[in-house]
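Just so it is clear: chains get the letters A, B, ... in the order the sequence lines come, proteins before strands, and each one is counted from 1.
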Protein chains: 2
Amino acid sequence: MLTYLFIHLILQAKDKLIAHLRGIIQLSPNDEVIVRNSFKEICLAKKEVLLFTGEISSHMQFISEGCLRAYYMDEEAKEHIVQFGIEGWWVNDLYSYLTNTPAKQFVQALEKSTVLQIHRDTLNSLYNEVPAIERFFRLKFEKAYVAFQYRTIDAMAKTAEERYLEFRAKYRDIEQRVPQYMVASYLGITPEFLSALRKNLK
Amino acid sequence: MLTYLFIHLILQAKDKLIAHLRGIIQLSPNDEVIVRNSFKEICLAKKEVLLFTGEISSHMQFISEGCLRAYYMDEEAKEHIVQFGIEGWWVNDLYSYLTNTPAKQFVQALEKSTVLQIHRDTLNSLYNEVPAIERFFRLKFEKAYVAFQYRTIDAMAKTAEERYLEFRAKYRDIEQRVPQYMVASYLGITPEFLSALRKNLK
DNA sequence: CAATAATCTTAAGGTGGTTTAAGAAAGTAG
DNA sequence: CTACTTTCTTAAACCACCTTAAGATTATTG
């Protein structure tokens, strides 16, 4: 019975991944088998760290359950959140992954979470075996790139208040799951200023 | 004789593109022919605009000669430079290109320039005919994404002075080709402040 | 070479956001 | 249900960068 439940959970997580991929590309039944076998499941407790600064990130990671953050620490040991991720998102220190160099970011679970990992070498083979996967990641990076470009433009041209309102409109689900000081960190302001700013809105 | 020179120039531009692609992926002689026939050459005078706000960007554009910028205008009609590009770079309003929606950015030549264009439909077919091209753009977007991520992180965590020094170290060639107030715009500061900042450095 | 346009500098006063420090409120474990 | 930790708020002094306005320098064009 316990085994049944365990296997059931694994299938659930991979089912989500397959559904996620099928939302963007086409996979034959054979492709699906190959893809399923290429990922392994990792369970994380709340606050558990998936990637430490200094380690080399060697996996792409799909969140099938829970909530994580990627952040780095500056010279003064202050944390700066680069990205949040919830179910259906990918999180990583991509620079480390892509260049095979030590990570500058941490990746940490903010809730009990389940992620699916694929090793760089496995993914690089998969690009040849299942070309649709290469297409998936080309499209993914295109989208991620323009999203980041707009975030950069926003960050430079808009006030903290405008950015906060946009964040709230766009990521209501995330705002309700993470502490306010982390939202401040993501927006690039102090928690004190976010607090003051929120007071003015009401 | 004139015809000879003209053809010669076209070949030069496309040669640069092929060399650029071959720096990252492998192309068979047949692939090369297909790729060459997929791009068309555009010559731009100084200050000529290649893409206007409101138009839909339908081409990917490789700079084979010259210098361009992508910028947008805010509500107060102030210009904000998103990207510079010189020989060997790609410039575009990618959001417009990828989503088939009206551009929010202008793309303009800052010098007499030559670009090679490929239409979205042609490129999408090319992804099927020459899979190496799909790989090229996956790698390109991966790299562009992490570069932009680091620019965003920089913009939020560092002072204008630090960002200027980094820009200068990284893009010395660009700094020498564009006016200082455009560098200020790219860095997200006023030209007056950049001027004051430079004074303090000496 | 003169005239005009484009770019860069200087300086004074203003604003958005930070820092520091303290206390209040809300979660969580024992 | 108490004690402790985490998170949020308030307020004052401070700093990075902006705005405005004017003049100085450097290109560009006729």
Side-chain angles (χ1 to χ4, degrees), chain A residues 45-49 67 69 71 73-81 84 106 108-112 152-168 174-202, chain B residues 45-49 67 69 71 73-81 84 106 108-112 152-168 174-202:
Chain A
K46 184 172 179 172
K47 297 196 182 179
E48 191 172 341
V49 173
C67 181
R69 64 168 175 159
Y71 67 98
M73 288 174 77
D74 65 20
E75 312 78 48
E76 292 136 17
K78 263 184 269 179
E79 295 179 0
H80 298 263
I81 295 182
F84 290 115
F106 293 86
Q108 184 194 34
L110 299 178
E111 306 171 354
K112 184 172 180 306
T152 300
I153 289 172
D154 265 29
M156 296 186 127
K158 297 190 177 163
T159 65
E161 181 171 322
E162 292 172 310
R163 278 181 278 144
Y164 172 62
L165 289 172
E166 273 183 30
F167 176 83
R168 228 168 58 164
I174 292 180
E175 200 203 359
Q176 262 134 32
R177 287 165 77 167
V178 306
Q180 191 175 303
Y181 74 88
M182 289 194 186
V183 175
S185 172
Y186 178 85
L187 293 174
I189 58 177
T190 58
E192 293 84 354
F193 189 63
L194 179 55
S195 178
L197 185 161
R198 279 164 54 90
K199 194 182 167 190
N200 283 333
L201 290 177
K202 294 165 203 165
Chain B
K46 185 172 180 175
K47 298 199 180 174
E48 191 172 341
V49 173
C67 181
R69 62 167 176 160
Y71 67 99
M73 288 173 77
D74 65 19
E75 312 79 48
E76 291 137 18
K78 263 184 268 178
E79 296 179 1
H80 298 263
I81 295 182
F84 290 114
F106 292 85
Q108 184 195 31
L110 299 178
E111 306 172 355
K112 185 173 180 306
T152 300
I153 288 172
D154 266 28
M156 295 185 127
K158 299 190 176 164
T159 66
E161 180 171 323
E162 290 172 311
R163 278 180 279 144
Y164 172 64
L165 289 173
E166 273 182 30
F167 176 83
R168 228 168 59 163
I174 292 180
E175 199 203 359
Q176 262 135 31
R177 288 165 75 167
V178 306
Q180 192 175 303
Y181 73 89
M182 290 195 186
V183 175
S185 172
Y186 178 85
L187 294 175
I189 59 177
T190 58
E192 293 86 352
F193 189 62
L194 178 55
S195 177
L197 186 162
R198 278 164 55 90
K199 192 181 168 191
N200 282 331
L201 290 176
K202 293 165 202 164

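- Applying the salt bridge (charged side-chain N to carboxylate O under 4.0 Å, His left out) test to B:E111 and every residue at least two apart in sequence or in another chain returns B:R177.
- A rotation axis mapping the C1' atoms of four pairs onto the next four is fitted at both ends of the helix from C:dC1-D:dG30 to C:dG30-D:dC1 over five pairs, and the angle between these axes is 50° to 10 degrees.
- B:R163 pairs by the side-chain hydrogen bond (donor to acceptor under 3.5 Å, both in side chains) definition with nothing, not counting sequence neighbours.
- In terms of position on DNA chain C, the residue among B:Q180 and B:K47 whose nearest nucleotide sits closer to the 5' end is B:K47.
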Take B:M73 and B:H80 through the side chain to side chain contact (heavy atoms under 4.5 Å, CB included) test and state the conclusion after the steps. CA-CA 6 Å; B:M73 288 173 77; B:H80 298 263; over 6 Å; no

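- Checked against side chain to side chain contact (heavy atoms under 4.5 Å, CB included), A:Q176 has the following partners two or more places apart in sequence or in another chain: A:R172.
- Listed by chain and residue number, B:F106 satisfy the ring-ring contact (aromatic ring centres under 6.0 Å, His included) test with B:Y71 (two or more places apart in sequence, or in another chain).
- With sequence neighbours left out, A:F167 forms a ring-ring contact (aromatic ring centres under 6.0 Å, His included) with A:Y171, A:Y186.
- Checking side-chain atoms of B:Q108 against main-chain N and O of B:R69 turns up no donor-acceptor pair under 3.5 Å.
- Side-chain contact between A:Y181 and A:T190 is absent, with no heavy-atom pair separated by less than 4.5 Å.
- A salt bridge (Lys or Arg N to Asp or Glu O under 4.0 Å) check over residues 182-195 of chain B, counting only residues at least two apart or in different chains, returns nothing.
- Taking every nucleotide of DNA chain C with any atom under 4.0 Å from a non-hydrogen atom of chain A, the first and last of them, 5' to 3', are C:dG17 to C:dT28.
- Regarding A:E175, its CD atom lies at a distance of 14 Å from the C1' atom of D:dT7, rounded to whole Å.
- Here B:S185 pairs with nothing under the side-chain hydrogen bond (donor to acceptor under 3.5 Å, both in side chains) rule; sequence neighbours left out.
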Filtered N/O pairs between nucleotides 11-17 of chain D and protein, under 3.5 Å:
| unit_1 | atom_1 | unit_2 | atom_2 | d |
| --- | --- | --- | --- | --- |
| D:dC17 | OP1 | B:A160 | N | 2.9 |

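- Using a cut-off of 4.0 Å between Lys/Arg side-chain N and Asp/Glu carboxylate O, A:E48 and A:K112 are scored as not salt-bridged.
- Partners of A:E161 according to the salt bridge (charged side-chain N to carboxylate O under 4.0 Å, His left out) rule, which considers only residues two or more places apart in sequence or in another chain, do not exist here.
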Derivation of the side chain to side chain contact (heavy atoms under 4.5 Å, CB included) call for B:V183 and B:I81: CA-CA 8 Å; B:V183 175; B:I81 295 182; over 6 Å; no

Are there any protein N/O atoms within less than 3.5 Å of an N/O atom in nucleotides 27-30 of chain D, and if so, which ones and at what distance?
| unit_1 | atom_1 | unit_2 | atom_2 | d |
| --- | --- | --- | --- | --- |
| D:dT28 | OP1 | B:K46 | NZ | 3.4 |

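- Between B:Y181 atom OH and D:dT26 atom P there is a gap of 17 Å when expressed in whole angstrom units.
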